[in-house]
There are 2 protein chains.
Amino acid sequence: MDIHKQFFKSAFSVDSVIFGYDQGDLKVLLIYRGAKPYIGTWALPGDLVKLDEDLDDSARRILFDLTGLSNVFMDQIHTFGKVDRHPLGRVITVAYFSLVKIIDYKLNPSSWAKEAKWHSIINTPNLPFDHTEILNYAKNKLKERVRHQPIGFELLPKEFTLSDIQNLYESVLEINLDKRNFRKKLLAMSLLIDTGYFQISVAHRPARLYRFDKKKYKSLIQQGFSFEL
Amino acid sequence: MDIHKQFFKSAFSVDSVIFGYDQGDLKVLLIYRGAKPYIGTWALPGDLVKLDEDLDDSARRILFDLTGLSNVFMDQIHTFGKVDRHPLGRVITVAYFSLVKIIDYKLNPSSWAKEAKWHSIINTPNLPFDHTEILNYAKNKLKERVRHQPIGFELLPKEFTLSDIQNLYESVLEINLDKRNFRKKLLAMSLLIDTGYFQISVAHRPARLYRFDKKKYKSLIQQGFSFEL
DNA sequence: TTATTTATTGTATTTATTACACGAATCCAT
DNA sequence: ATGGATTCGTGTAATAAATACAATAAATAA
């Protein structure tokens, strides 16, 4: 087929599943659509890819426009391409997921979004297009990834307690973990830096605060280390 | 942006990394391009996605046209979307990989391929577009997947010896494995059926032939079993 | 002062991983 | 028919990792 016949008829977009974590709950950032189609419904943020824009840059742009954040963990997860997935034409969409620290920024709805809001993952509204399928796919990817890469820390503030990270793992994986064994395994990797500080103003024994040692992780990876929790 | 402005300017394609295994060597199926651009070079088989064709169907079509095979293991791996990856326009490509039993079929070059040929993975020619990047990505995906899903069997004939499957793992993972430990672990999963038959006409003690028990695997998966080698 | 809440820590048991070598079965060459 | 070449098939002991499990410590609130 002549490639020029194919042009003129199709387009591709990026949709972002932006995860956050707050108060023991995994959340996803949805926008309230201010543009057709499906105007007036909650949906995943996304946009058509610009012609002079790399695919990854497009995903970064969407995240930045919405949250003002850059330098955030982001990864492509899957491309969805059913013929009838978009009511206005043949549009395939490349799904990305991002992990952000909710605390770090303020939401900043854009031209195509009237409003943006965090929704608890266990109670999301019905979504248009194939966005429900995309969201489920992203949740499963996150479950897999969180066990093989230290990306859970991307969802927590820079300083966190061991209970914080355990609760996060329990939320994402939807299982319970043994406290002593979880800590033993995590600390055995020597990837946490003890800040020497403790929680303040909590109505119980304050917990130690740790930071994730990204530099050490990178150097261990070079040496063939593989993260697993 | 109005979606109709975006149409008229871009297209998307599928490229397939088709792996086979023969005589202890992992192979990849390349076509000799008979169409522009890059006419007269070895490349990954691929084609533009038809407007009335689901993305996955497009990947199946490419494989079928080239090999006559359907019902083959196939999975999407990544979408490549640099602005300048295609010299004739803005084309993003969705990469798939397939695992086929080389023995099962005869190659069947199509309109866009003058010739198709298996190339040993350790000695592939330079490839056009970003196909080298795609191939490397696929090799790494295969390494990961083969350890967590029983897809290695897709590359072997229906009946195989324990040495066959071990050699395959050693080729794919590029490591050596201990014979006794590998067998112990593999057999402990109880996913192999002993056919009761043996190799014939080999100049050494003949090995037992096994089959992979796909039904049992599926039922174990339901029960939360997870494959790992 | 006491009650409440969450943090911190170790050990014994079970399970999985690793390292390692020799007799058996077949074909081939003489 | 014998001996040589080749690959097959098998078990155990040592080490490492995963699991199950509960009491004391430190803070605030009442």
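Every chain is numbered from 1, with letters handed out A, B, ... down the list of sequences.
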Of A:Thr161 and B:Arg205, whose nearest nucleotide on DNA chain C comes first from the 5' end?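 Closer to the 5' end of DNA chain C: A:Thr161.
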
Which residue, B:Pro206 or A:Ala207, contacts DNA chain C at a nucleotide closer to its 5' end, judged by nearest heavy atom?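 Result of the comparison: A:Ala207.
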
More 5' along DNA chain D: A:Asp178 or A:His204, using each one's nearest nucleotide?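 Its nearest nucleotide lies further toward 5', so the answer is A:Asp178.
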
In this structure, how many angstroms lie between the [atom2] atom of [N] and the [atom1] atom of [X], rounded?
| X | N | atom1 | atom2 | result |
| --- | --- | --- | --- | --- |
| B:Leu177 | C:dA19 | CG | C1' | 14 Å |
| A:Asp164 | C:dT6 | CG | P | 13 Å |
| B:Tyr210 | D:dC8 | OH | C1' | 10 Å |
| A:Lys179 | D:dT24 | NZ | P | 16 Å |
| A:Gln199 | C:dT5 | CD | C1' | 12 Å |
| A:Glu170 | C:dT6 | CD | P | 14 Å |
| A:Phe182 | D:dA17 | CZ | P | 18 Å |
| A:Asn176 | D:dC21 | CG | C1' | 15 Å |

If you compare every side-chain N and O of [X] against the phosphate oxygens of [N] (OP1, OP2), does one of them come in below 4.0 Å?
| X | N | answer |
| --- | --- | --- |
| B:Ser163 | D:dT7 | no |
| A:Lys185 | D:dA18 | yes |
| A:Arg183 | C:dT9 | no |

Determine whether the side chains of A:Tyr96 and A:Asp56 contain a donor N or O and an acceptor N or O closer than 3.5 Å.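 Note: A:Tyr96 and A:Asp56 side chains meet the donor-acceptor criterion.
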
Can you find a donor-acceptor pair, distance only, under 3.5 Å between A:Arg180 side chain and D:dA22 base?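 Under the 3.5 Å cut-off, the side chain and the base do form a donor-acceptor pair.
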
Within the 4.5 Å heavy-atom criterion, are A:Phe97 and A:Arg145 side-chain neighbours or not?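 With C-beta onward as the side chain, the pair touches.
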
Heavy-atom distance under 4.5 Å between the side chains of B:Ile31 and B:Glu115, does that happen here?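 B:Ile31 vs B:Glu115: side chains apart.
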
Between A:Phe160 and A:Phe153, is the ring centre distance below 6.0 Å?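 When the ring centroids of A:Phe160 and A:Phe153 are compared, they turn out to be within the sub-6.0 Å range.
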
Are the ring centres of B:Phe80 and B:Tyr137 closer than 6.0 Å?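 That pair passes the under 6.0 Å test.
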
Kindly point out which of D:dC8, C:dT6, D:dT19 is positioned nearest to the side chain of A:Lys184?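 Out of D:dC8, C:dT6, D:dT19, the nucleotide with an atom closest to A:Lys184's side chain is D:dT19.
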
